[in-house]
Amino acid sequence: MNEKYPFSEIEPKWQQSWADSGLFKTDLSDTENKYYCLMMFPYPSGKLHVGHGRNYIIGDAVVRYKKMRGHNVLSPMGWDAFGLPAENAAIKTGTPPRESTLSNIAIMKEQLAAWGCCYDWDKEVASCEPEYYKWTQWLFIQMFNRGLAYKKKSNVNWCPDCATVLANEQVVDGCCDRCDSTVIQKALEQWFFKITDYAQRLLDDLDTLDGWPERVKTMQRNWIGRSEGTEIDFALVPREDGANDPSDKVSCFTTRVDTIYGCTYMVLAPEYGDLKELIAGLPQETEVLQFVADSAKLTNIDRESDTLEKKGIFTGRYVVNPYTNEKVPLWVGDYVLMYGTGAVMAVPAHDTRDWAFAKKYDLPIKLSIQNPEGSLVLTEMDDAYTEDGACFDSAEFTGMPNREAISAMAKKAEAEGFGKSCINFRLRDWLISRQRYWGAPIPIVYCDRCGTVPVNDDELPVRLPENVEFKPTGESPLAASQEFMNCECPKCGEPARRESDTMDTFVDSSWYFLRYLSAQDSTQAIDTKAANDWLPVDQYIGGIEHAILHLLYARFFTKVVSDLGLIDFDEPFAKLFTQGMICKKGPDGNLHKMSKSKGNVVSPNELIENYGADTVRLYTLFIGPPEKEAEWNDTAVEGSYRFLKRIWTRVWQHKELLASVSPDSCGELAESIGKMEKPERDLFRKVHESVQKITHDLDGAFHFHTAISAIMELMNAVDAVKVSDNSSEQVKAVFRDAMEKVILLISPFAPHIAEELWKELGHDGGVLSADWPEVIEEALHRDEIQMALQVNGKVREQIFVPSSAGKDEIEKIAMENPAVQKWTEGKTIRKVIVVPGRLVNIAVS
RNA sequence: GCCCGGGUGGCGAAAUCGGUAGACGCAAGGGACUUAAAAUCCCUUUUCAGCAAUGAAGUGCGGGUUCGAGUCCCGCCCCGGGCACCA
């Protein structure tokens, strides 16, 4: 054994040993005590920094802990390998995306190994490989056949820099979430997944996810955005010129039907489907069309900014409020979205937006809700009244509390056939086509005779061609490849063209956790039995940034696959842990999430070289509560290094002494508790208190940082017992037992040093095969308990009382205490509170 | 605007059920060892007063409940995140 902690020697050695031993290869047929631990698979960008490391280090610690607890743990890893960066690199350097991706994967695999993170690589998947995307395409076809994948022309988010469309979820504050360019709207034919069909289930089942953080569930609820309301048909007043309309009514959705007697006009969204026909040939036509064209030019940012002044224009048409039979004007407004029906009834008296609009265009305002004081007067109002009250000037509903009126009025609409209660969701269908090369081709063929035809199963995968030009033209590079585009129709065999769009990479990552269980299976996408045996995932670990996107899509896919009958569960992740981001001050002096673009990355390579992987792991876990953001501190890493060195040195200093204790005498310690002297008794108790605390910290909230501080405390207690060759056999045995426990307890966090020292102590089995320490209840026992004496809530003295003492006895000891007598002298004792094991509080006046 | 988190020493933080605030670590200061440095070890370190014993104050601010509040309640302020012209 070396005096100096030789991390650079032992770490590669044990990494090799873990790889050779097959310890992390999981037998899927052994499902007893199974534990599926999943970390979000990374995009192979080539270089991981210590911020990425947090995810894998947390996961690896959980995996190692669960293994020691006797679980059959599955911990696979793979690559979210399609995506824009590789394609952009190809445009710049000419290196084909597949080539750069595969070499990045190789580099990152080495990095993970150097961190000591172990996986079952037999189950590795890479979403860019035909063996994987074949089944992504197959799933697409299953969804197409069920009407869950469809193509439609619509206004879509277009990122001019990435030259592709984006899903709503990928637009953040009106900008592309990849490159920050301003997203514009474009009308294009695109493929969608009908996630809206699952909106209610996705919402309802959130309630069953007890193992998920509340804030993630809240975010998903907000995103799905269910709202209950009423749809009301307003009849169109027929045109004076006798021309026909596409429909004789305009429906609007409202959550406040109780205010409908105050409706004074209606507003359509500029994109409203029938708008052109409604105004064709009217004097207002040119102006309205100009207005619509101007609105279309607004970017998402303009449109979503609340400082933007609402603009609108009268269409020349009128509709009839079915409750009042009043004729009200029909307007177009740029603030109305294509949500619900794309038409809203305007009640300026009770909606702040309508109020502003009505004031600007001098439209009438009518009161239809009176406040509880009955004091509302239109002429004195300077904004809309949006609170509750009683219906006012509302025919038979007048006087009814407005909340009740909502259902009463909906009932009337239903009875008379001009409306119904209905539910709207904010969630839109998932736009999945991308006009880029490096993704899974959408397996669809266009035939002049047969139309849109899915590729036959036996012709999957539709492979990406190798020889293409990587230039972002707004059309997929695939469109320029004749070899790719020209094909035969799967139905009639005539010449046909392929779909040139590829799928959003979030499609790939929506089912990879199912594929791990059949990674090598070339006959089917999902192994039903293995999936049913091993899923839902017991513990999913990943970044909070995926709270909506990936986690919502993966839930959606799981429900679809369940409905296809391929699995018999419909939520993929039983427990979710979202770790906080690692931040660091950048060159600009501000704190940012660690990333290349902010210039604040810390590379693990140098740290591993200087301190070893165990130090990096220990510091990463010690930095703070794992669910919270943390600031990386280069000098604080030293502290973790010092601690590991200290453990190493202690074993080295006492290696002969440690070897001299027979392993049996440690096992028998529980029986000799009664014979222990105070120092070793205290250490023995501390050992078991530590085991209890650390086990609790790991089973609950993954509080590695407090677990590690408990190990540090335990080491402090070990050092407080000055063990030497002259010590009694008993002291030596307790010391050895304590050192063994330190090694076992720290092994999930710092596995290399733990393995080495475990071996040094004469164990051959390897620390991963050792059992996690058990708490011996008797060891926790104390004869005397320290308690605080308080007078009026202020601590005045510390005392020791026998742990067997009852409340009365404790009170007696307390009252006799000189400090208590000093502070209570001349005062009346009103009350004495005894909390056994904690304190005595004497209330005096 | 609405909905979630959060605010504790110079810093990262801890306090499991309302029960001794600041565990553990970083940084800083002092000391030991050393020719010297590194490494290691020991001591101090919430603030104020005091040589000390000790006392007082103290968990964003103001109230309240309680024998006792970082923890519970009411009202504010600030920071982070999500949603937001969704009718």
Side-chain angles (χ1 to χ4, degrees), chain A residues 4 213-227 229 252-257 259 267 269 303-310 333-347 350-354 356-357 386 424-427 544-545 547-548 580 618-619 622-625 627-640 642-643 645-646 649 693 696-697 700-701 703 705-716 719 786-798 829-845:
Chain A
K4 264 193 84 193
E214 207 49 55
R215 65 174 167 151
V216 174
K217 292 193 275 186
T218 306
M219 282 189 222
Q220 293 212 353
R221 281 191 195 103
N222 284 343
W223 189 261
I224 295 167
R226 183 182 196 270
S227 74
C252 68
F253 174 77
T254 178
T255 54
R256 288 296 306 275
V257 68
T259 64
V267 193
R303 234 177 134 167
E304 281 169 15
S305 124
D306 39 7
T307 52
L308 184 79
E309 196 172 358
K310 297 165 188 30
D334 59 1
Y335 69 100
V336 177
L337 306 174
M338 277 309 292
Y339 172 76
T341 61
V344 299
M345 64 178 215
V347 186
H350 305 293
D351 182 287
T352 50
R353 295 158 298 184
D354 297 342
F357 194 82
T386 57
N424 257 305
F425 292 94
R426 208 192 71 101
L427 183 72
I544 185 72
E545 65 273 21
I548 295 171
L618 196 69
Y619 176 66
F622 189 59
I623 196 166
E627 70 280 7
K628 277 178 50 180
E629 279 189 7
E631 188 182 343
W632 187 268
N633 179 341
D634 287 320
T635 57
V637 178
E638 289 265 357
S640 296
R642 270 202 287 268
F643 182 60
K645 260 195 305 192
R646 194 170 145 210
T649 306
K693 169 160 176 63
H696 177 269
D697 285 349
H703 276 177
H705 63 310
T706 51
I708 291 166
S709 80
I711 302 174
M712 290 172 170
E713 276 188 63
L714 176 56
M715 264 312 281
N716 290 345
D719 284 353
Q786 188 174 12
M787 287 179 68
L789 292 186
Q790 295 183 338
V791 178
N792 279 351
K794 287 197 184 354
V795 180
R796 296 301 179 189
E797 185 71 299
Q798 297 286 333
I829 293 171
R830 306 171 76 88
K831 204 170 180 182
V832 180
I833 289 101
V834 180
V835 185
R838 297 267 180 204
L839 51 77
V840 179
N841 188 14
I842 298 153
V844 299
S845 58

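These numbers come from the heavy atoms of this one structure, side chains and all, not from hydrogens, waters or symmetry mates. To find a chain, count down the sequence lines: A is the first, B the second, and so on, and within it residues start at 1.
- Taking every side-chain heavy atom of Arg796(A) into account, rG55(B) is the closest of rA27(B), rA23(B), rG55(B).
- Under 4.0 angstrom from either OP1 or OP2 of rG25(B) there lies at least one side-chain N or O belonging to Asn716(A).
- Within 4.0 Å (heavy atoms only), Arg830(A) reaches no atom of the nucleic acid at all.
- Note: CD1 (Ile544(A)) to P (rG82(B)) measures 9 Å, nearest angstrom.
- If you check every strand for non-hydrogen atoms under 4.0 Å, Lys645(A) touches sugar and phosphate atoms only.
- What separates CG of Asn633(A) from P of rG10(B) is a distance of 17 Å, to the nearest Å.
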Could you write out RNA chain B as a dot-bracket string, with dots for unpaired bases, | for bases paired across to another strand, and Watson-Crick or G-U pairs counted at under 3.5 Å?
(((((((..(((......[....))).(((((.......))))).((((....))))..(((((..]....))))))))))))....
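- Using a 4.0 Å heavy-atom criterion, one finds that Lys794(A) contacts the sugar-phosphate atoms exclusively.
- The side chain of Thr706(A) contributes no N or O atom lying less than 4.0 Å from OP1 or OP2 of rA13(B).
- Using a 90° window around 0 for the glycosidic torsion, rG9(B) falls inside it and is classed as syn.
- Listed pair Arg642(A) / rC26(B) meets the phosphate criterion, a side-chain N or O lying under 4.0 Å from OP1 or OP2.
- Looking at heavy-atom distances under 4.0 Å, Arg646(A) makes contact with sugar-phosphate atoms alone, never a base.
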